[in-house]
Amino acid sequence: MTAIRSVVLGCGSYLPQQVLTNADLAARIDTSDEWIVQRTGIRERHIAAPGEFTSHLAINAAKAALADAGVEAQSIDLIVLATSTPDNTFPATAVAVQHGLGIHHGAAFDLQAVCSGFIFALATADNFLRSGAFKRALVIGAETFSRILDWSDRGTCVLFGDGAGAIVLEAQEQPGLSSDRGVLTTHLRSDGSHKTKLFVDGGPSTTQTVGHLRMEGREVFKHAVGMITDVVEDALARGGITARDLDWFVPHQANKRIIDASARKLGIPEEKVVVTVHLHGNTSAASVPLALGAAVADGRIRQGDLVLLEAMGGGFTWGAVLLRW
Ligand code: ACO
């Protein structure tokens with residue numbers, strides 16, 4: 001029996017021009033390249049220029065994804081944009097992106113699941129495409145975390161950066177087999193009992209300020225590997241495969257130690273793990289599509305490859321997507 005699948009037509013990414021290295025940070029606060037690299041694997045991050053907003057980053061990534069897919073912006077009828085750093089409290093940054101791309105039909109909305117945002121957005125778009133409600137979607141993760149960091153807090157400001165990544169998804173009829181192209185299974189989880197372990201201490205309803213990111217790093221680390229491996233194992237089981245069958249593991253790029261520990265626990269060899277965290281730090285919802293974009297651009301991920309995406313972040317939220325490129 002045939003099945004409608006959300007097939008990836010193309011992907012693209014964008015990083016702001018300004019690079020902030022660990023050495024740059026060490027000149028401003030009490031930290032060192034050695035400490036940051038050893039604990040996180042991060043070497044540099046990109047910072048949006050004054051007047052450069054999340055929507056601008058998202059539009060650049062979306063244009064790159066459309067070009068890679070070889071389709072016109074006008075063919076897009078759904079935009080789901082994952083961000084925790086919107087241009088404004090409202091309207092959704094997705095409508096600024098829609099307008100910037102010259103699209104005036106279909107639907108565009110934001111989705112907020114912090115670092116898991118892209119996984120949640122991809123699962124959401126997949127459901128809309130498979131239901132027949134929309135035909136072709138842009139799924140975007142875009143962030144300007146530099147705007148919500150407390151630059152005097154060395155425990156957090158060294159970890160994050162700005163960036164955006166996007167994919168174009170299209171509803172296509174496939175044979176209905178495990179060899180189908182497209183999204184094969186999605187798994188989303190949340191547990192708000194952890195909501196004070198990684199949060200922003202402001203907001204329109206509470207303080208009427210934007211606020212700054214606060215994190216209990218050790219607590220996040222403690223839960224991350226277990227939650228990630230748990231949801232990935234669910235995805236593998238639902239897909240009827242084992243970790244050995246995967247061609248590529250594209251994890252959330254938060255911290256090299258979390259990536260390594262998760263891959264080790266899952267039995268995924270290092271050469272199948274896509275790592276870009278050293279180049280852009282933790283870009284929250286943008287991190288998975290940035291890593292995807294890098295591995296597609298350099299020819300590692302090819303059509304037909306079995307790819308596992310995962311992320312975990314504030315909330316806590318976490319999730320995994322199994323797809324065939
Ligand atoms: N440079 C130098 N020293 C630092 C820095 C820094 N940037 N930050 C903290 N320290 C110091 C602390 O003050 C502390 O000093 P003390 O022993 O004199 O008190 C010491 O380093 C150890 O601090 P810890 O916070 O215990 O350091 P830890 O080894 O846990 O590493 C880190 C901190 C890297 C944040 C780690 O906890 C971590 O990776 N957590 C996961 C957080 C994460 O990745 N969050 C991203 C969002 S969630 C997600 O996306 C999965």
Side-chain angles (χ1 to χ4, degrees), residues 20-45 82-85 112-120 141 143 145-146 148-163 165 188-192 194-201 212-232 249-263 265-266 273 275-278 280-291 309-320:
L20 185 69
T21 65
N22 291 348
D24 296 332
L25 279 169
R28 290 191 201 173
I29 53 168
D30 184 13
T31 189
S32 65
D33 177 57
E34 191 193 3
W35 193 96
I36 300 171
V37 172
Q38 213 170 59
R39 297 287 210 296
T40 72
I42 298 166
R43 294 186 181 275
E44 57 189 37
R45 67 287 291 143
T83 189
S84 301
T85 45
Q112 218 275 51
V114 203
C115 297
S116 311
F118 185 79
I119 299 293
F120 277 60
E143 303 279 14
F145 259 51
S146 64
I148 56 163
L149 295 175
D150 173 352
W151 287 98
S152 66
D153 175 13
R154 66 178 183 171
T156 54
C157 76
V158 304
L159 303 174
F160 297 90
D162 302 338
L188 307 181
R189 308 263 184 277
S190 309
D191 181 354
H194 300 288
K195 71 186 173 75
T196 56
K197 295 189 175 102
L198 175 52
F199 70 108
V200 169
D201 62 3
H212 290 112
L213 183 149
R214 306 292 173 204
M215 180 176 70
E216 294 175 36
R218 287 209 164 183
E219 280 295 309
V220 175
F221 199 101
K222 203 172 83 187
H223 289 89
V225 178
M227 287 176 162
I228 289 164
T229 52
D230 199 43
V231 77
V232 167
F249 179 52
V250 186
H252 170 44
Q253 307 289 314
N255 182 311
K256 181 77 163 58
R257 284 194 302 162
I258 295 176
I259 294 173
D260 289 346
S262 306
K265 199 166 166 198
L266 288 161
V273 183
V275 179
T276 54
V277 68
H278 53 295
H280 51 66
N282 183 349
T283 56
S284 188
S287 105
V288 169
L290 278 170
L309 316 176
E310 61 81 357
M312 180 263 182
F316 292 144
T317 57
W318 64 109

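For this chain, numbers begin at 1 and follow the sequence in order. As the structure lists them, so they are numbered: ligands from 1, and atoms in each ligand from 1. Keep in mind that this is a model prediction, so the values were computed, not measured.
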Closest protein heavy atom (residue, atom, distance) for [atom]:
| atom | answer |
| --- | --- |
| atom 51 (C) of ligand 1 | M312 O, 3.3 Å |
| atom 7 (N) of ligand 1 | R154 O, 2.9 Å |
| atom 41 (C) of ligand 1 | G217 O, 3.5 Å |
| atom 35 (C) of ligand 1 | L159 CD1, 4.0 Å |
| atom 29 (O) of ligand 1 | R39 NE, 2.8 Å |
| atom 43 (C) of ligand 1 | M215 SD, 4.0 Å |
| atom 36 (C) of ligand 1 | R257 NH2, 3.9 Å |
| atom 1 (N) of ligand 1 | T31 OG1, 2.7 Å |

Any atoms of ligand 1 less than 4.0 Å from a non-hydrogen atom of [X]? List them with their elements.
| X | answer |
| --- | --- |
| V158 | 7 (N) |
| C115 | 50 (O) |
| G155 | 8 (N) |
| L198 | 47 (C), 48 (S) |
| H252 | 49 (C), 50 (O) |

Within-cutoff protein neighbour (heavy atom, under 4.0 Å) for [atom]:
| atom | value |
| --- | --- |
| atom 13 (O) of ligand 1 | yes |
| atom 31 (O) of ligand 1 | yes |
| atom 21 (O) of ligand 1 | yes |
| atom 16 (P) of ligand 1 | no |

Does the side chain of [X] reach to within under 4.5 Å of the side chain of [Y], using non-hydrogen atoms?
| X | Y | value |
| --- | --- | --- |
| I119 | E310 | no |
| R257 | F221 | yes |
| H252 | S116 | no |
| T156 | H212 | no |

C157 and side-chain contact (heavy atoms from CB on, under 4.5 Å): which partner among T31, D150, I29, L213?
->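 In the set T31, D150, I29, L213, the residue that makes a side-chain contact (heavy atoms from CB on, under 4.5 Å) with C157 is I29.
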In this structure, which one of D162, V114, I148 forms a side-chain contact (heavy atoms from CB on, under 4.5 Å) with S284?
->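 Among D162, V114, I148, the one meeting side-chain contact (heavy atoms from CB on, under 4.5 Å) with S284 is V114.
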With rounding to the nearest 0.5 Å, note down the distance linking CG in L266 to CD1 in I228.
->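 It is 9.0 Å, given to the nearest 0.5 Å.
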About how many Å separate CE of M227 and CD1 of I258, when rounded to the nearest 0.5 Å?
->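 So the gap between those two atoms works out to 12.0 Å.
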Indicate whether any N or O donor in one side chain lies under 3.5 Å from an N or O acceptor in the other, for T85 and E143.
->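 Distance-only check passes for T85 and E143.
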Minimum-distance pair of heavy atoms, taken over all atoms of A286 and G165 |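 Shortest heavy-atom separation between A286 and G165 comes out as CB-N, 4.2 Å.
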For D33 and R43, which heavy atoms make the closest approach, and how far apart are they?
->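 Answer, listing the atom of D33 first, then R43: OD2-NH1, 4.5 Å.
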Option of least heavy-atom distance to atom 33 (C) of ligand 1 (set: F160, F316, F221, W35) =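 The residue whose heavy atom sits nearest atom 33 (C) of ligand 1 is W35.
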Closest by any non-hydrogen atom to atom 39 (O) of ligand 1: pick that one out of T283, I258, N282, N255.
->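 When every heavy atom of T283, I258, N282, N255 is considered, N255 comes closest to atom 39 (O) of ligand 1.
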Hey, does V220 sit under 4.0 Å from ligand 1 if you only count heavy atoms?
->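 V220 counts as a contact of ligand 1 under the 4.0 Å cut-off.
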Answer yes or no for A224: is there a heavy-atom contact with ligand 1 below 4.0 Å?
->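 No, A224 has no heavy atoms under 4.0 Å from ligand 1.
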Please state whether the rings of F316 and H194 are parallel, tilted or perpendicular, taking 30° and 60° as the class boundaries.
->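 Parallel.
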Do N22 and V158 pass the side-chain contact (heavy atoms from CB on, under 4.5 Å) test, and can you show the C-alpha distance, the side-chain angles, and the key distance before you say yes or no?
-> CA-CA 8 Å; N22 291 348; V158 304; 5.9 Å; no
Is there any N or O on R218 that sits under 3.5 Å from an N or O of ligand 1?
->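 Indeed, backbone or side chain, R218 has an N or O that close.
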